Amino acid sequence: MNKLKSPIIVVNFKVYSEVEGPGAMRLAKECEAAARESGVSFVVCPPMVELSTVARAVTVPVFSQHVDAKGPGSITGYTSPQSVKAAGANGTLINHSEHRMVMDDIAAAIKTCRELGLISIVCTDSTETSIAVAAYSPDYIAVEPPELIGGDISVTTADPQIVSRTVDMVRKVDPMIEVLCGAGVKNGADVKAALGLGASGVLLASGVVKAKDVKAVLRDLVSGI
Ligand code: G3P
């Protein structure tokens, strides 16, 4: 089982205009600096087209935003776990709310990642889906209510029970899996609440990527730890 030092802050850059081209590297370097200053584990998920460039330039773990359950070969436009590994990534998101996969493909992607030594974070929309995914023993499950994604109210405020319930239920299926939470997470108080609910960290995007003062937001996030 691959693991990072908890708690972890996973920053998904998505494909916002702010991280097009050199913007991805700028943000990854800010996260690297925040990790160095604070000693907190940061993970960055740059846009797919910047994955290799960023992975070779920063010391924080770099994850792909997605992998397909397909091996190398004639798979035009798809992303094999093998290609992500070769690009220098340490792990990957799987089944993000904005890039859903069927359960068989989620299971296959987790298995291949494990064989390749890639850390897997499987995103889910509910406790029930998290329980189903836990049967395949990913390294992490990140529970994110889709309706709160990109909004201003953190999952830890709007629906704290989904976090604590997911932590409890996933632990019953496989105690080695760590649970993250995300959607609307913006500040140190949200991170603190997430950890208080039993999560091992957070997965967030807009609060960092679209921030006017990225440094200040990153400092604030780690202040909750
Ligand atoms: O992958 C993170 C995510 O979907 C949550 O997005 O913008 O609510 O932090 P956001």
Side-chain angles (χ1 to χ4, degrees), residues 4 7-20 23-24 27-28 30-31 34 40-48 50-51 54 60-67 79 84 89-101 106 109 119-127 129-130 133 138-160 162-163 166 178-195 197 199-214 216-222 224:
L4 299 163
I8 64 171
I9 296 181
V10 183
V11 183
N12 178 7
F13 294 12
K14 301 199 175 180
V15 194
Y16 285 120
S17 55
E18 287 84 348
V19 292
E20 288 170 358
L27 182 54
E30 291 288 2
C31 293
V40 172
S41 300
F42 274 83
V43 171
V44 297
C45 311
M48 301 302 283
E50 302 296 335
L51 183 64
V54 171
V60 290
V62 177
F63 279 32
S64 174
Q65 293 183 8
H66 173 79
V67 288
T79 304
V84 159
N90 307 92
T92 185
L93 302 181
I94 293 171
N95 192 46
H96 189 274
S97 180
E98 292 144 15
H99 207 145
R100 286 294 190 221
M101 298 163 74
I106 294 170
I119 299 171
S120 54
I121 300 178
V122 180
C123 301
T124 62
D125 60 350
S126 65
T127 303
T129 313
S130 304
V133 164
D139 297 302
Y140 296 88
I141 289 176
V143 64
E144 301 192 304
E147 67 280 8
L148 298 174
I149 290 178
D152 287 325
I153 303 171
S154 168
V155 59
T156 53
T157 306
D159 193 0
I162 195 176
V163 183
T166 301
E178 294 191 44
V179 172
L180 311 176
C181 66
V185 172
K186 293 274 187 295
N187 55 43
D190 299 336
V191 173
K192 189 172 183 173
L195 302 182
L197 291 164
S200 297
V202 295
L203 170 61
L204 82 166
S206 53
V208 171
V209 181
K210 300 186 83 62
K212 287 208 170 64
D213 186 344
V214 170
V217 168
L218 294 173
R219 284 208 184 106
D220 184 35
L221 284 171
V222 298

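Order of appearance sets the numbers: ligands from 1, and atoms from 1 within every ligand. Position 1 is the first residue of the sequence, and the numbers go up from there. Since the model is a prediction, treat every value here as computed from it, not as a measurement.
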For atom 1 (O) of ligand 1, the protein heavy atom that lies nearest, with its residue and separation:
His96 NE2, 2.7 Å
To the nearest 0.1 Å, how far is atom 7 (O) of ligand 1 from its closest protein heavy atom, and which atom is that?
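Of every protein heavy atom, Ser206 OG, 2.5 Å lies nearest to atom 7 (O) of ligand 1.
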Quickly, which of Leu221, Asp220, Val214 forms a side-chain contact (heavy atoms from CB on, under 4.5 Å) with Val217? Name it, please.
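Going through the options one by one, the only one that passes is Leu221.
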What do we get for [X] next to ligand 1 when only non-hydrogen atoms under 4.0 Å count, side chain, backbone, both or neither?
{"X": "Leu204", "answer": "both"}
{"X": "Ala205", "answer": "both"}
{"X": "Lys186", "answer": "neither"}

Apply side-chain contact (heavy atoms from CB on, under 4.5 Å) to residues Phe13 and Leu27 and explain how you reach the verdict.
CA-CA 8 Å; Phe13 294 12; Leu27 182 54; 3.6 Å; yes
Has [X] got any heavy atom lying under 4.0 angstrom from an atom of ligand 1?
{"X": "Gly184", "answer": "yes"}
{"X": "Gly182", "answer": "no"}
{"X": "Ser97", "answer": "no"}

Would you mind listing which atoms of ligand 1 come within a distance below 4.0 Å of any non-hydrogen atom of Leu203?
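Every atom of ligand 1 under 4.0 Å from some heavy atom of Leu203: 1 (O), 2 (C).
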With atoms numbered from 1 as shown, which atoms in ligand 1 lie under 4.0 angstrom from a non-hydrogen atom of Asn12?
1 (O)
Any nitrogen or oxygen of Gly150, side chain or backbone, less than 3.5 Å from one on ligand 1?
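Right, the criterion is met.
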To atom 6 (O) of ligand 1, the nearest of His99, Lys14, Glu144 on a heavy-atom basis is Lys14
